[in-house]
Undergrad: 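The structure that follows is given in the form of structure tokens.
Just so you know, these numbers come straight off a predicted model, no measurement behind them.
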Amino acid sequence: VKVKIPFGNRYLDAIFSVPKKKPTYGVILTHGAGGDMNFPHLVSLAAYLASHGVLCLRFTCKGLNVAYRAKAFKAVVEYLKLCDDYKLSGVFLAGRSMGSRAAASVIRQLSQGDDDDDDDDGFIQGLVCLSYPLHRPKLQSKLRDEDLLLITRPVLFVSGSADEMCEKQLLEGVVSKMKAPKKIHWIDKANHGMAVKGRTADDVMEEVNAQVFSWLRENVQLQQK
């Protein structure tokens with residue numbers, strides 16, 4: 001289902017992937033610095049989640065500024081929260097590469113109550129980071145970890161063990177300092193684009209999608225107990 005989401009004086013293009021049964025939980029998903037919501041990995045994940053009963057709303061925001069992307073993400077969260085067609089108990093924020101930085105920024109802002117009007121009512125359940133860009137290629141001295149260290153909601157990282165923007169030991173070091181419940185799933189020998197020599201893109205995405213879904217399911221169950 002295609003929708004236009006108001007954002008300032010503009011609109012963001014977005015698509016709902018809707019499960020057959022009435023969903024209780026949703027995932028908001030966005031793309032990296034290049035591409036848009038039709039990036040194959042996002043399309044694949046959205047279809048997988050919807051087929052397993054999770055509503056997925058993916059959107060396009062072309063800005064290359066993380067603060068701008070985070071504002072857009074917030075607008076989408078608000079839209080879904082107030083959306084009469086789907087009454088969700090909660091939502092997970094997810095993004096690929098730069099999109100995951102924007103999602104992390106939104107969760108940190110909401111959990112710290114940076115906004116007076118955003119009292120945190122538990123609508124946002126957690127964060128999924130696909131290929132989180134922890135540093136620029138070959139620039140490991142400057143880590144983009146400030147939002148991660150302040151988040152308290154559960155976080156899942158799915159990263160390639162050969163990601164040139166997320167060195168394995170560096171991410172493990174950051175994760176060990178995080179307060180939030182967290183999990184890393186390494187895709188063996190995958191680069192930042194999740195490409196692995198000798199494996200098809202579909203094969204890699206099956207692994208990614210299954211990991212994301214099982215983590216979502218664990219976290220929803222934990223909260224229902």
Undergrad: Does atom NZ (Lys87) have a neighbourhood of more than 12 heavy atoms from anything else shown, all under 6.0 Å?
TA: yes

Undergrad: Once rounded to the nearest 0.5 Å, what's the spacing between atom CG of Leu130 and atom CG of Leu42?
TA: 7.5 Å

Undergrad: Measuring centre to centre across the rings, with the benzene-like ring taken for any Trp, is His31 within less than 6.0 Å of Phe39?
TA: no

Undergrad: In terms of the angle between their ring planes, are Phe73 and Phe59 parallel, tilted or perpendicular, with boundaries placed at 30° and 60°?
TA: perpendicular

Undergrad: If the condition is side-chain hydrogen bond (donor to acceptor under 3.5 Å, both in side chains), which residues does Asp203 pass it with, not counting sequence neighbours?
TA: Arg199

Undergrad: Counting distance only, does the side-chain N/O of Tyr132 pair as donor-acceptor with the main-chain N or O of Arg144 below 3.5 Å?
TA: yes

Undergrad: Of all the heavy-atom pairs spanning Phe7 and Ala75, show the shortest one and how long it is.
TA: CD1-CB, 3.8 Å

Undergrad: Once rounded to the nearest 0.5 Å, what's the spacing between atom NZ of Lys142 and atom NE2 of His135?
TA: 12.5 Å

Undergrad: To the nearest 0.5 angstrom, please state how far the OH atom of Tyr79 sits from the CG atom of Leu12.
TA: 11.0 Å

Undergrad: How far does CD of Gln211 sit from CG of Leu45, to the nearest 0.5 angstrom?
TA: 12.0 Å

Undergrad: Between Asn38, Asp13, Asp36, which is the residue that forms a side chain to side chain donor-acceptor pair (under 3.5 Å) with Arg58?
TA: Asn38

Undergrad: If you measure from CG on Leu134 to CZ on Arg101, what distance do you get to the nearest 0.5 Å?
TA: 9.5 Å

Undergrad: Taking the side chain as everything from C-beta on, heavy atoms only, tell me whether Cys56 gets closer than 4.5 Å to Phe16.
TA: no

Undergrad: Do Ser105 and Gln109 pair up side chain to side chain, a donor and an acceptor below 3.5 Å, judged on atom types alone?
TA: yes

Undergrad: Below 30° counts as parallel, above 60° as perpendicular, anything between as tilted: where do the rings of Phe213 and His52 land?
TA: tilted

Undergrad: Side chains of Pro133 and Ser100: closer than 4.5 Å at any heavy-atom pair?
TA: yes

